[in-house]
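Working notes for the structure below.
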Amino acid sequence: MEVSNGLGMNCPHCGHRAKQRRSKTHSQYTREKVYRCTNETCNFVFATLEEIVRTVASSANPNPNVNLPMSARAQWWESQRNSKVG
């Protein structure tokens, strides 16, 4: 498995970097992205789903309609923040 910088995706066939070509919003939390491998001998095109799954750090401008579970770290951070307020 090749280590990446966290941006984009690697081709599952040849391991080269794949560039994002387009994206489409499915819901408030889900987006589909289409990628093409940059290796000209491969040229694999594939789709991924990107989904927001949890809160890592609370928003400074929270939307009351957003209801996501909080990571353990976010829960700890919130407890620390709340203990300083009270």
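Only a predicted model underlies this, so the values are computations on that prediction, with no experimental measurement involved. Scope of the values below: all heavy atoms of this structure, side chains included, with no hydrogens, waters or symmetry mates. Position 1 is the first residue of the sequence; numbering continues from there.
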Shortest non-hydrogen contact from [X] to [Y]?
X: A74; Y: A57; value: CB-N, 4.4 Å
X: C37; Y: C11; value: SG-CB, 3.7 Å
X: Q28; Y: N65; value: OE1-O, 4.5 Å
X: N67; Y: Y29; value: N-OH, 3.2 Å
X: T38; Y: H16; value: OG1-CB, 4.1 Å

Self-check item: Partners meeting ring-ring contact (aromatic ring centres under 6.0 Å, His included) with H26 (sequence neighbours left out)
Solution: none
Self-check item: Pairs where residues 46-75 contributes a residue and the test ring-ring contact (aromatic ring centres under 6.0 Å, His included) is met, not counting sequence neighbours
Solution: Y35-F46, F44-F46
Exercise. Hey, could you give me the CG/OG distance between L68 and S59, rounded to the nearest 0.5 Å?
Key: 11.0 Å
Self-check item: Rounded distance (nearest 0.5 Å) linking atom OG1 of T30 with atom CD1 of I52
Solution: 8.0 Å
Quiz item: What salt bridge (Lys or Arg N to Asp or Glu O under 4.0 Å) pairs are there with at least one residue in residues 31-50, not counting sequence neighbours?
Solution: K33-E50
Quiz item: Got more than 12 heavy atoms from elsewhere within 6.0 Å of CZ, R21?
Solution: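 Count over threshold, so yes.
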Practice problem: Give a yes-or-no answer on whether the side chains of N39 and T41 include a donor-acceptor pair shorter than 3.5 Å. | Solution: yes
Self-check item: Residue pair T55, E78: steps toward the side chain to side chain contact (heavy atoms under 4.5 Å, CB included) verdict
Solution: CA-CA 11 Å; T55 299; E78 284 293 312; over 6 Å; no
